Amino acid sequence: MNEKEIIKINLTVEEKIFENKENSFAILQCTTDEDIALVATGQLASVDEGEMLKTTGYYVQNKNYGKQLKVISFKRSMPTNQRSIIKFLSAGHIKGIGPAIAQKIVSHFKSNTINILETNPQKLIEIKGVGQSFVDKIKNNIEQFLYVKKLNIFLQQFNITPNIVDIIWSKWGLFSLNKINKNPYCLCSKDINLPFNIVDIIAEKLEISKYNENRIASAIKYVLQHNAINNGHSCIPKQSLIKVTSLFLKLEEKTITEQLNIMLENSSLFSFNSNKEYIFLPIYYIAETFIAKKLLELNNANDAVDDETFKNLIMLEEERLNIKFATAQKEAIKKAICCGVFILTGGPGTGKTTILNAVASILEQKGCRVAICAPTGKAAKRLALITNKKTTTIHRLLGVQQINENRKEFIHNEKNTLKEDVIIVDEMSMVDCILFQSLLKATKKHVKLIISGDYNQLPCIAAGNVLKNLIDSKRLGCITLKNIFRQAQKSLIVKNAHNIINEEELILNQKNKDFIFIENNNPQQIEKIIVNLAQNKLTKMFGYCPIKDIQVICPCKKGIVGTININKKLQEKLNPKNFNKKEFSFGFYTFREGDKVLQIKNNYDITWKKDGHESSGIFNGEIGTITKINHINKEFIINFEGKIATMPFDMAKDIEPAWAITVHKSQGSEFKCVLIPIFFKNSEFFSRNLLYTAITRAKNNVIIVGCKNNILNMCKQKKVNFRYSCLKYFIAKD
C-alpha cells in the first residue's frame, strides 16, 4: 500500500496504548476484519476497547513503532460479536463488571448482550450466581456509562474532546443531551467554554434559528469573554459591543440591542456610565466594584508617625542597609508606613525593592505580621534574594484546595482571612483584576496594603490593568520614583529603559557595554547570530552557561525569529539528538533529556522534592531542565532549579521549550544575559512596553540583534497599555 493513499478499513479496538483527553489523540492496538493486528493513531481518545470502527485514513511508517494507520475520520459502533463484547465489558468501564462477570453475561445473552444492557438490565438476574442486590448496584453504572458513550458519539462528530465531554457529564449528568438539544449555547458557559463557532455548528445541525435569543445572548457574552481573555478588556463600550456582535452574527444592530437590554434587565450583564456606557460580564463587574470598595475602606486607615520617630527609624534602616536614602525614598517609606493603601512605582534602578525592604523591616519592628508576595514564582524568588526576606507567590499565600475534579478554590477568603497585618505585593503590573479581588477578599478588615510595580511594563495577560487604574484614580497614596541611583547610572540597560519611558533616543552605538546592538535586516542571519551567541560566543566572552545564564526573549512566537523556530534551532545546537538521550513527542514539540523547558500553567498537584523536603505546586513561568524520560512508566523528570518533579507524559501539554520564550512569559523573571531578536514587517503591532519589558529582564547584559527601524518604531508605539476598564472610575467616584 503506497504511503498516504487513502483507504477505508474496519477495525476492532483491542487495547488503548496511549490517550490524551485534552487533544483527543490516542494510539490504539486494533485488529482488522481479517484478524490482522494493526496500530491506529488519531483523534481517537473517546474510543474504548471492544468498540468497532469504520475508519478512513492512510498508512505511515513510524521510526520507533513501525507501520501505523493514521486515522482521518471514523464512525463507531458498539461491539456485535461475542469476543469484542467480552473485551468491551472486561475493560472496567462499567463499575462492578470485570472480566469474570463479563464472560458470564456474554455466555448467557450472546450477541444480544449490549441490547439487553441498554434496554433491560434487570434481565441480568437470569444469570446463575447474580442476585438482585448486584443488579440494583450496577443498573445506574450501566445507564451512566452507556449515556456517556452516547454523549461522546454525538459530540465527537463536532470534534469535541473527551475531557470536555467529561465536564459536560459532571455538570448535567443524564440531562446533558436534553439540555444541549434545547439550548446548545449552554456549551459556551464558563466552565465548559466551547468556542461559539463550534456551538453554532451544533445549533445549525439541530435546526435552531439564527434569531434564537439564546444564540444572540451567547454571542454577546462570547464577544465580551473573547475581549477579556485575548485583549485584556474587563468591559466594552456598549455601542462597540453592539456593532461587533452584529457583524459577528450578521444580524441587525437593533436585534442585538434588544437582546442586550434584556440581559441588562435580568442582570446577566452589567453596565456602568462614565463618559460612555460600558458593558460587563458579571465576573468582572463584581471584581472591579469589590476592589474599589475594599481599597477605599482600607485607605481610610492612617497610622501617623511623628517626625522625630520617623527620623530615628530611617537612621536605623540606613545603618542596617549601609545606604543613605534620598528625599523621595524617605517620603515613600513614610507614606508606606502611614497610609492604609500605598502604591510605589518607578523604572529600573530607582530603588523600589530597597524601599520595600526598609518598609517591611520597620513594620516588623512595630510588631506587624508582614507577608511579601508576587504573582509568579520567579518574581517571588528574585524578591527574596534582594530583600533577604521570606516571600511567596500570591497563589501560595492564598492556598489552593480541590473542591471537585474540575474546580479549585483559594483556602483563604472572606470567611477565612489571612492573619497578616501588612500585605506587600510586588510586580503588580502582572496582577489581573480577578486575582487581585481574591487577594483583597482574603485580607482582614484593617490590613495595610503596599503595592509596588512598574506600569510601563506589559500589563497582565488576563483581564484588567489594575496597577495603572489604581494610579490613575488619584485617590490612593502613590509615589513615582524617577531618579536613577549612582550604582545603576553606569548601566546602559537602565539608561535605555528610562529613555524608552521618557521618549528619548536609544543609545545603540556604544560597544563593550552591558547593552549591545547588532544591526541586521536579514531574518535568516539574525537567527544564525542569535544561535551562535547562545552556543559559543557568550560562553567564551563572559563564561555564561547557555542553560542557566542566557535567555533568548522574542517579541512573538511565529516567524524565523519567533520562539517556535528559535527553540528548534537552539535545541539542535545546545541539546542535539543523541543515542544516549531519550526523547518523546507531544503536540508540536519533541522533548529530549537535557532540554530547557518552561511551565506555562499553574499546577498545584505536581509533587516535587528538594533537599529532602517534599511539597507540591509548579507554577506558570518556572523554568527547568528535563533530566530523565521513562518510556516504560510514561513519565519524565524535570529539575526546576533544585525542585525535582516527576510528571506523566500527558502533563507535557503544560510545558514548552524554553531555549527561547516570549516577552510575556519572561515577566517577573531576571536573567544574567538576555538575547533579543527583532525583525518584523508590521512593527506597529509591537509596542515600546514590549521592548521595555524585554530589556529590563536582564541583570548584566542585553544583546539586541535585528532591524534598527523596527526598534525605533516600537519606541513610538504609545497606546499599548490601553484596556477598557472602569476600575479607576469606581475608585474615583464618591
Side-chain angles (χ1 to χ4, degrees), residues 1-91 93 106 111 113-115 118 145-146 148-165 195 197-198 201-202 204-205 583-591 631 634 649-650 652-653:
M1 189 69 67
N2 294 327
E3 191 172 353
K4 294 209 174 180
E5 180 183 346
I6 303 299
I7 62 169
K8 294 182 183 295
I9 187 168
N10 296 332
L11 300 174
T12 299
V13 181
E14 301 292 338
E15 182 185 357
K16 189 173 285 188
I17 300 171
F18 172 81
E19 71 170 357
N20 176 7
K21 286 190 173 185
E22 290 281 341
N23 61 13
S24 284
F25 178 78
I27 303 172
L28 308 177
Q29 181 68 55
C30 304
T31 54
T32 67
D33 286 347
E34 293 76 29
D35 211 27
I36 298 170
L38 179 65
V39 172
T41 69
Q43 308 301 106
L44 299 161
S46 63
V47 174
D48 290 310
E49 293 171 10
E51 280 197 76
M52 304 177 76
L53 308 177
K54 290 183 178 181
T55 68
T56 301
Y58 56 88
Y59 285 116
V60 295
Q61 192 68 30
N62 185 283
K63 58 185 178 181
N64 295 320
Y65 304 107
K67 186 178 180 181
Q68 297 179 342
L69 179 70
K70 177 74 175 177
V71 176
I72 301 170
S73 63
F74 65 95
K75 289 185 178 179
R76 56 207 287 188
S77 60
M78 290 294 196
T80 55
N81 64 69
Q82 293 183 47
R83 187 184 68 82
S84 296
I85 296 171
I86 291 171
K87 170 74 72 175
F88 180 72
L89 295 179
S90 297
H93 305 303
V106 177
S111 58
T113 298
I114 297 297
N115 180 52
E118 285 183 323
F145 173 74
L146 294 174
V148 172
K149 181 62 62 180
K150 189 177 179 183
L151 185 63
N152 255 307
I153 291 170
F154 172 73
L155 294 174
Q156 179 256 324
Q157 63 184 309
F158 306 107
N159 297 318
I160 295 173
T161 58
N163 67 315
I164 298 295
V165 176
N197 60 325
I198 300 294
I201 293 170
I202 298 172
E204 188 176 358
K205 181 96 173 177
E583 57 183 47
F584 74 101
S585 296
F586 193 96
F588 298 110
Y589 307 113
T590 295
F591 296 104
H631 283 282
K634 294 186 173 65
F649 278 176
D650 61 3
K653 68 182 183 299

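Note that this is a predicted model, so its numbers are computed, not measured.
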A.B. asks: If you count the non-hydrogen atoms of other residues, nucleotides and ligands that lie under 6.0 Å from CD in Glu204, is the total more than 12?
C.D. replies: no

A.B. asks: Grab the two heavy atoms, one from Leu69 and one from Gly57, that are nearest each other, plus how far apart they are.
C.D. replies: CD1-C, 4.1 Å

A.B. asks: Classify the ring geometry between Phe158 and Phe154 as parallel (under 30°), tilted (30 to 60°) or perpendicular (over 60°).
C.D. replies: perpendicular

A.B. asks: Does the separation of the ring centres of Phe649 and Phe591 fall below 6.0 angstrom?
C.D. replies: no

A.B. asks: Can you tell me how far the CD1 atom of Ile86 sits from the CG atom of Asn81, to the nearest 0.5 Å?
C.D. replies: 9.0 Å

A.B. asks: Indicate the atoms forming the closest heavy-atom contact of Val47 with Lys16, along with that distance.
C.D. replies: O-NZ, 2.6 Å

A.B. asks: Testing the basics here: between Lys634 and Ile17, what is the closest heavy-atom pair and its distance to 0.1 Å?
C.D. replies: CE-O, 3.6 Å

A.B. asks: Could you check Ile164 against Leu155 for side chain to side chain contact (heavy atoms under 4.5 Å, CB included), going step by step and ending with a plain yes or no?
C.D. replies: CA-CA 10 Å; Ile164 298 295; Leu155 294 174; over 6 Å; no

A.B. asks: Is there a side-chain contact between Leu28 and Glu15 (heavy atoms, below 4.5 Å)?
C.D. replies: no

A.B. asks: Any heavy-atom pair between the side chains of Val13 and Leu44 that's under 4.5 Å?
C.D. replies: no

A.B. asks: When you compare the side chains of Glu14 and Thr31, does any donor N or O come within less than 3.5 Å of an acceptor on the partner?
C.D. replies: yes

A.B. asks: Between Thr590 and Ser585, do the side chains contain a donor N or O and an acceptor N or O under 3.5 Å apart?
C.D. replies: yes

A.B. asks: Take atom NZ in Lys653; do more than 12 heavy atoms of anything else shown fall under 6.0 Å from it?
C.D. replies: yes

A.B. asks: For Phe74 and Gln43, which heavy atoms make the closest approach, and how far apart are they?
C.D. replies: CE2-O, 3.4 Å

A.B. asks: In Å and rounded to the nearest 0.5 Å, what is the CG to NZ distance from Leu11 to Lys54?
C.D. replies: 12.5 Å

A.B. asks: Measuring only between side-chain heavy atoms, which start at C-beta, is Ile9 closer than 4.5 Å to Tyr59?
C.D. replies: yes

A.B. asks: Working to the nearest 0.5 angstrom, can you tell me the gap between Gln156 CD and Ser73 OG?
C.D. replies: 9.0 Å

A.B. asks: Examine distances only and state if a side-chain atom of Ser84 and a backbone atom of Thr80 form a donor-acceptor pair shorter than 3.5 Å.
C.D. replies: no

A.B. asks: So, taking the atom named CD1 in Ile72 and the one named OG1 in Thr55, what distance separates them when rounded to the nearest 0.5 Å?
C.D. replies: 9.5 Å

A.B. asks: Taking the side chain as every heavy atom from C-beta outward, state whether Thr113 and Phe88 have any pair of such atoms under 4.5 Å apart.
C.D. replies: no

A.B. asks: Specify whether Phe584 and His631 have parallel, tilted or perpendicular ring planes, treating 30° as the upper limit for parallel and 60° as the lower limit for perpendicular.
C.D. replies: perpendicular

A.B. asks: Taking salt bridge (Lys or Arg N to Asp or Glu O under 4.0 Å) as the criterion, tell me which of Lys75, Lys87, Lys149 meets it with Glu51.
C.D. replies: Lys149

